[in-house]
Every structure is written in C-alpha cells, then in structure tokens.
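In what follows, a structure is listed as structure tokens, so that the remarks can point back to it.
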Amino acid sequence: MDRNIMQNDIELVKNDDLSINDFIVKYKPFIYSAISKYDGTYISDQSELTSVGMLAFKEAVDNYDFDKGSFYGYSNLVIKSRLIDHFRKEARHYEREMVILDESYDSDNNIDTLERKRAIEEFNNQEKASYLREEITRFVSELTDYGIKMSDLEKLSPKKKELRMKYIAASEMIASDEGLLNRFYEMKRLPVSIIMERHGLNRKQVDRARKYLVALILIKCGDYEYLAEYIKI
C-alpha cells in the first residue's frame, strides 16, 4: 500500500475530483487488511466485520481533515476503534444473554448455574484483558510520537493532590477546546502560557509535568476506556 498515493487520492475526494464510492472500492483491500490485522481471521464480503470496517472507512473519509495527519494512519485508527466498539457490544450482548439464562434456570441446578457464572466472569476478564492490551499498544505508539516512554509515567504522577488536580483540569481544558487540541496535535507542544495563566501554575511546574500532561490529554481524547481505569497517572 503506497501511503503517498492514498494521501493524493483523499485530496482528490475532498476536492470532489474523485467519488467517495470509487475511493472506497479502490481501497477495499486496505480495509480488509486493517480488519484482518486486528481480528486475525479471514475476511470475506459476507463477513459482519466487513460491514463494520467499510462503514468505519466511510466515516474516516467523511471526518478527515489534513490536520489529523496522514489519512492512512487516521483511517486505520478509526477502523480499529469501530471494531473495538463492535466487539465490546458483542461481549455485552453475550453477557446479557447468559444472565437471562441464569435468572430463568431451575433452582435445583445451582451448581451448574454457578459454573456458568464463573464461565461468564472468566470470559469477561479475558475480553477486558484483550481490549486493555490493544489499548496499551496504541497508547505506547501515541506516546512515542511525543518522545515519551510508558515507563516515564510511573514516576510522574504528582504526590500533592492540589497540584495533581490542577494538571487534570489543564488537560481537560485542552481536550475540550478544539482550537487548543488541534494546535497540540499539530505542533506536538503544550500551550504553556495558557496553562500557566488559567490554572495558576508556573513555568517550572508545567515543564516538569509535560509528559504527564501529554499522557492525560491523549487518554482523555483517545478511545481508552479500559486503560483510563487501569493506568494510575
């Protein structure tokens, strides 16, 4: 897959010089490959995951702007995110079905019911672990773009609650402000002066917490449902 050609093609789509349908058809092999890399199974036109992937790719086309970086990386991320959403829904659906079976099961079969509950719990734990591993992989990749290692974060969480809350508030401010967030992604730098002005922090405090703040912003803006619960930063 030539990423430069794909980037040229998405420019044609955005300029209405190439139809979205023709673009999607041309990059169907890319979509299938992205699905297969995540799911690890053979992908066919009849697969439910194919529908999820095609819709995700169409979503990526519709929402893409050039400030988001390369379309190749952006569309890959959107497809993976929608696949994650799909599998989470499937897992929750499975869990609900099993709970209904348990509630309607005869009380004389308590042992079997307990075993099924244990099976459900084990299944859910495995699913969560799988999602968490995938989220960590994506998070580590994002951190690398900012010159940060996962191991750096272990020692960066402020011990003082008041200071930690200021950092959290600063990250939420950036995450909720489209202009600041786009500038952060484009420049890969924090708006230091704005953070200092709005949150009562000095330059040394912001510089010392740069990696911590970047990590907070990435988690708040990324699809990191399980990582947000798991990681302590």
Side-chain angles (χ1 to χ4, degrees), residues 1 3 6-7 30-41 49 52-53 56-57 59-60 63-89 91 124-159 164 167-176 180-192 195 206-233:
M1 175 61 62
R3 303 186 187 190
M6 176 183 271
Q7 194 65 27
F30 163 78
I31 299 169
Y32 280 25
S33 176
I35 298 170
S36 182
K37 285 177 182 177
Y38 180 81
D39 186 56
T41 59
L49 295 183
V52 175
F57 190 74
E59 177 188 345
N63 295 333
Y64 178 71
D65 64 58
F66 297 98
D67 291 336
K68 297 180 184 296
S70 74
F71 181 76
Y72 177 92
Y74 175 71
S75 58
N76 244 316
L77 181 60
V78 173
I79 291 171
K80 286 184 179 181
S81 295
R82 296 300 163 259
L83 288 171
I84 291 169
D85 291 341
H86 172 76
F87 286 123
R88 283 174 180 164
K89 289 176 183 176
N124 288 334
N125 288 337
Q126 289 175 350
E127 287 293 295
K128 288 179 180 178
S130 175
Y131 297 142
L132 179 59
R133 285 195 297 271
E134 195 279 334
E135 287 184 4
I136 289 174
T137 299
R138 286 192 291 112
F139 187 55
V140 168
S141 178
E142 275 203 278
L143 288 175
T144 301
D145 291 339
Y146 293 84
I148 304 173
K149 298 179 181 178
M150 192 74 164
S151 57
D152 293 336
L153 303 181
E154 297 175 0
K155 52 182 177 294
L156 290 177
S157 180
K159 294 180 174 57
R164 184 168 65 253
Y167 290 145
I168 292 173
S171 68
E172 290 175 345
M173 172 196 69
I174 296 169
S176 62
L180 290 178
L181 186 61
N182 287 338
R183 195 185 315 164
F184 166 75
Y185 282 135
E186 182 180 354
M187 307 296 293
K188 289 187 167 47
R189 290 204 304 265
L190 295 169
V192 176
I195 292 174
V206 177
D207 288 344
R208 186 186 302 149
R210 184 190 72 84
K211 293 180 180 180
Y212 180 71
L213 284 165
V214 168
L216 285 176
I217 295 167
L218 294 179
I219 288 178
K220 290 179 185 299
C221 296
D223 184 16
Y224 295 118
E225 177 182 344
Y226 293 99
L227 183 60
E229 297 177 3
Y230 173 77
I231 194 169
K232 305 298 181 183
I233 61 174

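In this chain, residues are counted from 1 in sequence order. Not measured: the values here are computed from a predicted model.
Across all non-hydrogen atoms, the minimal contact from Tyr167 to Leu213 is O-CD2, 3.4 Å. Residues Lys220 and Ala175 approach most closely at CB-CB, 4.2 Å, considering heavy atoms. Here the closest non-hydrogen pair linking Gly53 and Ile79 is O-CG1, 4.1 Å.
Crowding of Lys149 atom NZ: a count of heavy atoms from other residues, nucleotides or ligands under 6.0 Å not exceeding 12.
From His86, atom NE2 reaches atom OG of Ser81 across 14.5 Å, with rounding to the nearest 0.5 Å. Taken to the nearest 0.5 Å, the CZ atom of Arg82 stands 9.0 Å off from the CG atom of Leu77. Atom CG of Leu218 and atom CZ of Arg138 lie 11.0 Å apart (nearest 0.5 Å). To the nearest 0.5 Å, atom CG of residue Leu143 and atom CD1 of residue Ile136 are 11.0 Å apart. Rounding to the nearest 0.5 Å places NZ of Lys211 at 14.5 Å from CG of Leu216. From Met150, atom CE reaches atom OG of Ser141 across 12.5 Å, with rounding to the nearest 0.5 Å.
In this structure, Phe71 and Tyr64 have perpendicular ring planes: the angle between them is above 60°, well past the 30° mark.
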Step by step, work out the side chain to side chain contact (heavy atoms under 4.5 Å, CB included) result for Ile195 and Ile174.
CA-CA 9 Å; Ile195 292 174; Ile174 296 169; 3.9 Å; yes
For side chain to side chain contact (heavy atoms under 4.5 Å, CB included), just list the numbers for Ile148 and Tyr212, CA-CA rounded to whole Å, side-chain angles, deciding distance to a tenth of an Å, and then say yes or no.
CA-CA 9 Å; Ile148 304 173; Tyr212 180 71; over 6 Å; no
Please determine whether side chain to side chain contact (heavy atoms under 4.5 Å, CB included) holds for the pair Phe30 and Asn76, giving the CA-CA distance in whole Å, both sets of side-chain angles, and the decisive distance to 0.1 Å.
CA-CA 9 Å; Phe30 163 78; Asn76 244 316; 3.8 Å; yes
Between Leu190 and Ile217, is the side chain to side chain contact (heavy atoms under 4.5 Å, CB included) condition met? List the steps.
CA-CA 10 Å; Leu190 295 169; Ile217 295 167; 3.7 Å; yes
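Salt bridge Asp207/Arg210: absent, no basic N to carboxylate O contact under 4.0 Å.
Between Tyr32 and Phe57, the distance from one ring center to the other does not fall under 6.0 angstrom.
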